[in-house]
Amino acid sequence: MLRIDGAHAFYGHIQALRGVSLDVQEGEIVTLIGANGAGKSTLLMTVCGNPRAAAGEILFRGEDITRWPTHRIARAGIAHAPEGRRIFPRMTVMENLQMGAVAAAEDDARRAARLEHVFGLFPRLAERRFQRGGTLSGGEQQMLAIGRALMSGPKLLLLDEPSLGLAPIMVRTIFDAIATLNREDGLTVFLVEQNAYMALRIAHRGYVMVNGAIAMSGDAAALLADEEVRAAYLDGGHGKIAAGEGGAP
Amino acid sequence: MEYFLQQLINGLTLGAIYGLIAIGYTMVYGIVGMINFAHGEIYMIGAFIAVIAFAILGPLGGGGVVVALLVVLLVSMLLTAVYGWTLERLAYRPLRGSPRLAALISAIGMSIFLQNYVQLAQGARTKAMQPVITGGIEVMKGETFTVTLSYVQIMIMVLTLALMAGFWTVIARTPLGRAQRACEQDRAMAALLGVDVDRTISLTFVIGAALAAVAGTMVVLYYGVIDFFIGFLAGIKAFTAAVLGGIGSIPGAMLGGLLIGLIEAFWSGYFSIEYKDVAAFSILVLVLIFRPSGLLGRPEVEKV
Ligand SMILES: Nc1ncnc2c1ncn2[C@@H]1O[C@H](COP(=O)(O)OP(=O)(O)OP(=O)(O)O)[C@@H](O)[C@H]1O
Ligand SMILES: [Mg+2]
């Protein structure tokens, strides 16, 4: 579904990605974990062409989208619920959801059905549909960010730290929703998380990013059991995993 | 009392025209965060196109005044929109992502260029036109003064109201308006959702220019004389209106336009007509000092 091959990305002179390669298969939940500043968000944004990969290739369903403009990538079926949620603050919940449907150039029936689907997944959004995005709580904004991404009926959903700043109960709600979407609708998900434990629990596979490169990869269960990963990202540990390509044990 | 009423009518007419121009400033500011200093010139070009269109259409005759007016209006809106689109394409888009100062200088450059372009193409002398619509209604007859509401004034107010209502509907209810607002609030996010940001910005310039063209056509009908320099003063006043209303706010631009028109009319009616422009500029300075976010603008607090 998605294949990233040796991607490099820069912000001005700062290099944020140093040759990242990974792939996400259809129907999978793949998670990407790593410390603050590792380059996880940058990778998701690079898939969407902003910043554009300075070197390397990004393939989506076999097509090379590396040079495509961002809006075209979205219309091809990649939805992104980005870091910080980025809800339109002066638009209502309803309008935010309508904006999510921009990428889907389809008939109204499918659109209405998707709206029902999102409201079914997050009933709270239905209650708040006429409230302005900027006045929602953090958890509600996260639901809206995911709901908005789903409105285009994407083939691939990119999620950037959906658990950030949320109470445990809300984290559970969000992760349940992600797992449900994957299981029942077959949605492919690429999930960036700080909450490595939760992420590895619902994911099929995982990658660990260190300093703009992939340091480890493997089955989620294997990563969850791995000593190094445990020490660095679980058990409250803040140890380091050495940069460089390495497979899961 | 009669005199007051007359100034009120004059002020509202003027305000409608300023409001139409101010929308262009505020919309562009909202979406790309720059002041399009060439917008006054776009309005001036709209006025010239209207004069030329009237000149061509006049001898053709037939169809009556209403049809001629509609045709001129549409032609002016269409051609001026092309100018607005081209302006953005050539002078601003290549600079997107560069420091704001670059775009600002480019805007000032374009403003001077367009003035000179029209001066060369159309001559520096004022262009006068026979009144197309004459007459009016006597609203009130006092002992010394008769309040009149001319047909041109009625047309300006009605047309402006209709346009603003239509424009408002587009912004509030259509997918285009939603995309426009989304780009205003978070351009990168809008792109992630599939909005073609460049196209939306182009459309913003096109709409702003078309509204300015209406203002230009109205001014031609109202005053009957124009020259290549009218864009400067009208531009600064409309810009003042946009700042007074709160730059970035569309209702603010409409309100600011009306207020500036009224202030100017009352100032020249009761104080001195020579200093009427000073009034507008003083307001600009005062607003910038005491209430930079304007009447309906929101203070820059939220980080988007
Ligand atoms: N817009 C930007 N301009 C300049 N540098 C940036 C920008 N965004 C990110 N960076 C830098 O790029 C590097 C990677 O940042 P990125 O946001 O991708 O990390 P991350 O893994 O998502 O971290 P976190 O877990 O804290 O979200 C960091 O060093 C960061 O400072
Ligand atoms: Mg991040």
Side-chain angles (χ1 to χ4, degrees), chain A residues 12 41 44-52 68-92 94-106 108 111 132-135 141 144-145 147-154 157-160, chain B residues 26-27 29-31 33 89 93-94 96-99 168-204 245-253 293-294 296-304:
Chain A
S41 302
L44 290 194
M45 288 302 287
T46 305
V47 168
C48 299
N50 175 24
R52 203 159 285 293
W68 286 17
T70 301
H71 63 89
R72 189 169 164 209
I73 294 172
R75 289 175 193 185
I78 299 184
H80 192 167
E83 182 163 45
R85 295 151 198 158
R86 299 181 83 157
I87 297 304
F88 299 112
R90 296 185 297 286
M91 285 190 178
T92 62
M94 202 61 188
E95 287 177 320
N96 268 282
L97 291 172
Q98 285 168 327
M99 283 309 298
V102 166
E106 279 175 55
D108 274 343
R111 233 168 242 208
R132 285 184 161 214
T135 62
Q141 287 196 355
L144 181 53
R148 183 176 62 179
L150 292 174
M151 283 300 290
S152 62
L157 176 62
L158 307 178
L159 283 175
D160 199 339
Chain B
T26 230
M27 270 174 60
Y29 181 84
I31 199 162
R89 215 40 211 262
R93 188 177 297 182
R96 208 168 292 153
S98 347
W168 185 251
T169 315
V170 169
I171 292 294
R173 302 224 182 282
T174 66
L176 168 65
R178 254 198 317 271
Q180 215 267 342
R181 283 182 289 141
C183 287
E184 217 175 282
Q185 295 176 31
D186 188 341
R187 238 197 280 169
M189 187 64 230
L192 287 178
L193 294 173
V195 174
D196 187 340
V197 174
D198 281 341
R199 184 170 157 269
T200 309
I201 293 177
S202 279
L203 279 172
T204 303
I247 190 103
S249 154
I250 288 165
S293 58
L296 302 184
R298 60 209 144 66
E300 298 274 331
V301 280
E302 58 203 329
K303 176 191 167 282
V304 195

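Quick note on labels: first sequence line is chain A, next is B, and so on, each numbered from 1. Keep in mind the model is a prediction, meaning the values are calculated, not measured.
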message: What residues of residues 193-202 of chain B make heavy-atom contacts with chain A at a cutoff under 4.5 angstrom?
response: B/L193, B/G194, B/V195, B/D196
Contacts of type side chain to side chain contact (heavy atoms under 4.5 Å, CB included), residue B/P94, not counting sequence neighbours: none
Shortest non-hydrogen separation from A/P82 to B/M189 and the atoms involved: CG-SD, 3.4 Å
- line: Filtered by a 4.5 Å non-hydrogen cutoff, the part of residues 171-178 of chain B contacting chain A is B/A172, B/R178
Over all atoms of both residues, closest heavy-atom pair of A/R86 and B/A188: NH2-CB, 3.4 Å
Rounded distance (nearest 0.5 Å) linking atom NE2 of A/H80 with atom CG of B/L192: 6.0 Å
Those residues that, when tested against A/R75, pass salt bridge (Lys or Arg N to Asp or Glu O under 4.0 Å) (two or more places apart): none
- prompt: If you count heavy-atom pairs under 4.5 Å between each of A/M45, A/R148, A/R72 and chain B, which one has the most?
  reply: A/R148
message: Nearest 0.5 Å, please: how far is CD in B/Q185 from CG in A/N96?
response: 8.0 Å
